[in-house]
J.: 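Dropping a structure here in structure tokens format, bear with me for questions.
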Amino acid sequence: MKRFDILSQLIKCLSRILDEIEGHTSSHAQGVANSSISFADEFGFTLKTQRSLYYAALLHDIGETTLPHSILYKNGPLLPAERKKIESHSVVGYKIVKNIPSMTEVAGLIRHHHESWDGTGYPDQLMMGEFTRAKQILAICDLNDTLSRERPYRPKRTNEEIENILNESKGTRFQPDMVEKFIKFKNNTNIKKNSLKKINEIKDSGQELSDFESQAYLLAISVVFSNLIGEKIPFLATHPSKVALLSVKLGEAIGMNKNELFEMKIAAFLGDIGILAQDEKIYMKKDKLSPEDIETINNHTLIGERATSEITSLPNVSKIIRNYHESWDGSGYPDGIKGSKIPLASRILRVADTYVALQHDRPYRKGKQRTEITESINTYLKNIADPSLVNTLMEIMKN
Ligand SMILES: [Fe+2]
Ligand SMILES: [Fe+2]
Ligand SMILES: [Fe+2]
């Protein structure tokens, strides 16, 4: 597979989450990516930089997935501390993306998509030449796309209004000739058609990976993305990796093949990715959950399923995620299916997920000692887990 295809699939997976947050039907991220890659064509960049711009555009607001909903959806003016938190999204995105192999340039672009030519932007107050052309391309395409969409607090801007705003940003937000070039480009280009051509160009020149390298790369990105969950809800920080480790042990013990194990591992890392689109407050609650809260929590598997359906090279991942909160007796969610109707990998994840969660503190209860869990495992997993998997778990725990 091409490195490009793997990245595209996983990036689309996260873009879907961002779309759920913003409540848009069509993607802001994809819109910014299409115009960035087309506009970049006028500057003679290397293919590598063009590719970086494309990835960066798709991921530029990824840090927003970790912002508290209370700030993200606040009606009314933001307090200074809240504004700071919102502004942190570019640095969070940078920190996450720089951990993906070969994405240093992409991470830098993401970090600086809210900088200004006159040094008044954030986070680093870059000035003039430091705010490179590539960085300005991303920033101007972001501004343009944002203005062309409706927001909860304002209608979408007309073309004329956008042009006025862009003209006012000459010498302040952007280098004057960048604004002129962009307005000309915008008025004379069929961006949709042009971007399709450009995307094929950057894709065809991309590196081809062996199956082994593809899997390693896919896993590396999934791990990095799963770190967003811990950024948003700190008590979940180590949860995905522990679930992955234990579920693979269970899978190996019952003789799953390599591909099955791999898909299950990716599902373990991305299982809770739907939480990124949700109000974190529900997961922090100390008292009893309301029926609406429960419905929201149940929905995280469906959001996760929709998002991971973008990983077309691993079609089972989204199916596993959909059903990994089903219970053996049919009392789980979202489908309430029972017994062997639940996909095997989902059943394994259910056991691993419950076992790992029991060990750790939650806002509403203390974590339990491992010995205590092992002694009462049958009680804890009764009705929830496939009984034969509970036996396998006990075997593993003995060793
Ligand atoms: Fe942003
Ligand atoms: Fe944006
Ligand atoms: Fe979950």
Side-chain angles (χ1 to χ4, degrees), residues 13-24 28-29 61-93 95-96 151-153 224-243 268-308 321-322 324-327 331-334 349-350 353-354 356-368:
C13 164
L14 266 196
S15 285
R16 283 284 279 263
I17 301 267
L18 270 171
D19 289 344
E20 304 243 5
I21 292 178
E22 297 183 348
H24 288 307
H28 165 64
D61 282 330
I62 186 186
E64 278 188 8
T65 56
T66 67
L67 295 178
H69 275 214
S70 53
I71 303 182
L72 211 52
Y73 293 111
K74 189 173 177 185
N75 254 333
L78 293 171
L79 300 170
E82 293 169 335
R83 179 153 301 282
K84 266 233 133 59
K85 186 81 194 169
I86 295 258
E87 290 180 357
S88 73
H89 80 277
S90 48
V91 174
V92 173
K95 280 201 214 144
I96 293 287
R151 282 283 180 267
Y153 47 88
V224 169
F225 285 177
S226 77
N227 291 336
L228 285 164
I229 302 168
E231 285 278 341
K232 182 163 179 167
I233 302 183
F235 68 73
L236 288 179
T238 57
H239 186 80
S241 57
K242 288 186 171 154
V243 174
F269 276 106
L270 299 180
D272 279 333
I273 202 139
I275 293 178
L276 293 176
Q278 298 187 308
D279 190 342
E280 67 294 333
K281 256 206 245 107
I282 300 176
Y283 294 90
M284 312 282 195
K285 261 196 173 172
K286 288 197 172 112
D287 26 65
K288 210 173 172 286
L289 296 171
S290 70
E292 296 85 61
D293 293 340
I294 293 171
E295 202 186 315
T296 306
I297 290 179
N298 293 0
N299 203 20
H300 84 278
T301 52
L302 298 177
I303 301 174
E305 181 199 20
R306 284 199 286 280
T308 52
I321 289 179
R322 179 184 179 99
Y324 90 100
H325 279 289
E326 303 288 357
S327 291
S331 63
Y333 58 83
L349 282 191
R350 179 74 160 126
D353 184 73
T354 313
V356 171
L358 280 169
Q359 292 176 54
H360 295 103
D361 289 349
R362 291 287 182 264
Y364 46 90
R365 61 151 175 79
K366 276 248 158 274
K368 295 181 197 320

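The first residue in the sequence is number 1, and the count goes up from there.
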J.: Who pairs with Arg322 by salt bridge (charged side-chain N to carboxylate O under 4.0 Å, His left out), at least two apart in sequence or on another chain?
T.: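 Partners of Arg322 by the salt bridge (charged side-chain N to carboxylate O under 4.0 Å, His left out) criterion, ordered by chain and then number, come out as Glu305, Asp335.
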J.: Tell me whether Glu87 at atom CD has more than 12 heavy atoms from other residues, nucleotides or ligands lying less than 6.0 Å away.
T.: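 Atom CD in Glu87 is crowded, with more than 12 foreign heavy atoms closer than 6.0 Å.
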J.: Using 4.0 Å as the upper bound for N to carboxylate O, is an ion pair formed by Glu20 and Arg306?
T.: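 Salt bridge flag = yes for Glu20 with Arg306.
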J.: Report yes if some heavy atom in the side chain of Ile233 is under 4.5 Å from a heavy atom in the side chain of Met284; otherwise report no.
T.: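 Of all side-chain heavy-atom pairs linking Met284 with Ile233, at least one is under 4.5 Å.
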J.: Who pairs with Ser88 by side chain to side chain contact (heavy atoms under 4.5 Å, CB included), at least two apart in sequence or on another chain?
T.: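 Leu67, Val92.
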J.: Are the side chains of Asp272 and Tyr324 in touch, meaning some heavy atoms are under 4.5 Å apart?
T.: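 Yes. Closest side-chain heavy atoms under 4.5 Å.
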J.: Sequence neighbours left out, what passes side chain to side chain contact (heavy atoms under 4.5 Å, CB included) with Gln278? Give chain and number order.
T.: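 For Gln278, the residues satisfying side chain to side chain contact (heavy atoms under 4.5 Å, CB included) (neighbours in sequence not counted) are Ile275, Tyr283, Thr296, Asn299, His300, Ile303.
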J.: Taking all non-hydrogen atoms of both residues, which atom of Glu231 and which atom of Thr66 are closest, and how far apart?
T.: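 Nearest heavy atoms, Glu231 then Thr66: CB-CG2, 3.6 Å.
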J.: Quick one: are His239 and Asp353 in side-chain contact, heavy atoms under 4.5 Å?
T.: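 Result yes, sub-4.5 Å side-chain heavy-atom pair found.
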J.: Could you list the residues that satisfy side-chain hydrogen bond (donor to acceptor under 3.5 Å, both in side chains) with His89, not counting sequence neighbours?
T.: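 Scan of His89 (side-chain hydrogen bond (donor to acceptor under 3.5 Å, both in side chains), adjacent residues dropped) gives Asp61, His113, His114.
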J.: Do Asn298 and Pro334 have side chains that get closer than 4.5 Å, going by heavy atoms?
T.: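 They are not in side-chain contact.
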J.: Check side-chain hydrogen bond (donor to acceptor under 3.5 Å, both in side chains) between Ser241 and all other residues, then give those that pass, not counting sequence neighbours.
T.: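 In terms of side-chain hydrogen bond (donor to acceptor under 3.5 Å, both in side chains), with neighbours along the sequence ignored, Ser241 is linked to no residue.
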J.: Got a sec, which residues hit side chain to side chain contact (heavy atoms under 4.5 Å, CB included) with Lys242, two or more places apart in sequence or on another chain?
T.: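 Residues passing side chain to side chain contact (heavy atoms under 4.5 Å, CB included) with Lys242: Thr238, Val356, His360.
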J.: Could you pull out the closest heavy-atom pair between Gly93 and Ile62, with the gap in Å?
T.: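 Heavy atoms only, the tightest pair is CA-CG2, 3.7 Å.
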J.: Would you say the side chain of Ile297 lies within less than 4.5 Å of the side chain of Tyr333, judging by non-hydrogen atoms?
T.: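 The answer is yes, as the side chains (C-beta and beyond) meet within the 4.5 Å cut-off.
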J.: Return the set of residues passing side chain to side chain contact (heavy atoms under 4.5 Å, CB included) with Asp293 (not counting sequence neighbours), or none when no residue passes.
T.: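 Applying side chain to side chain contact (heavy atoms under 4.5 Å, CB included) to Asp293 gives Ile282, Lys285, Leu289, Ser290.
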J.: Do any N or O atoms from the side chain of Ser331 and from the backbone of Ser327 form a donor-acceptor pair under 3.5 angstrom?
T.: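 Answer holds: no.
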J.: In Å, rounded to the nearest 0.5 Å, how long is the span from CG of Leu270 to CG of Leu14?
T.: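 Rounded to the nearest 0.5 Å, the CG-CG separation comes to 8.0 Å.
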J.: Can you list every pair that meets salt bridge (Lys or Arg N to Asp or Glu O under 4.0 Å) and has a residue in residues 76-86, with sequence neighbours left out?
T.: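 For residues 76-86, and leaving out neighbouring residues, the salt bridge (Lys or Arg N to Asp or Glu O under 4.0 Å) pairs sorted by first residue read Lys74-Glu82.
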J.: If you define the side chain from C-beta out and look only at heavy atoms, does anything of His69 sit under 4.5 Å from Glu280?
T.: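 They are in side-chain contact.
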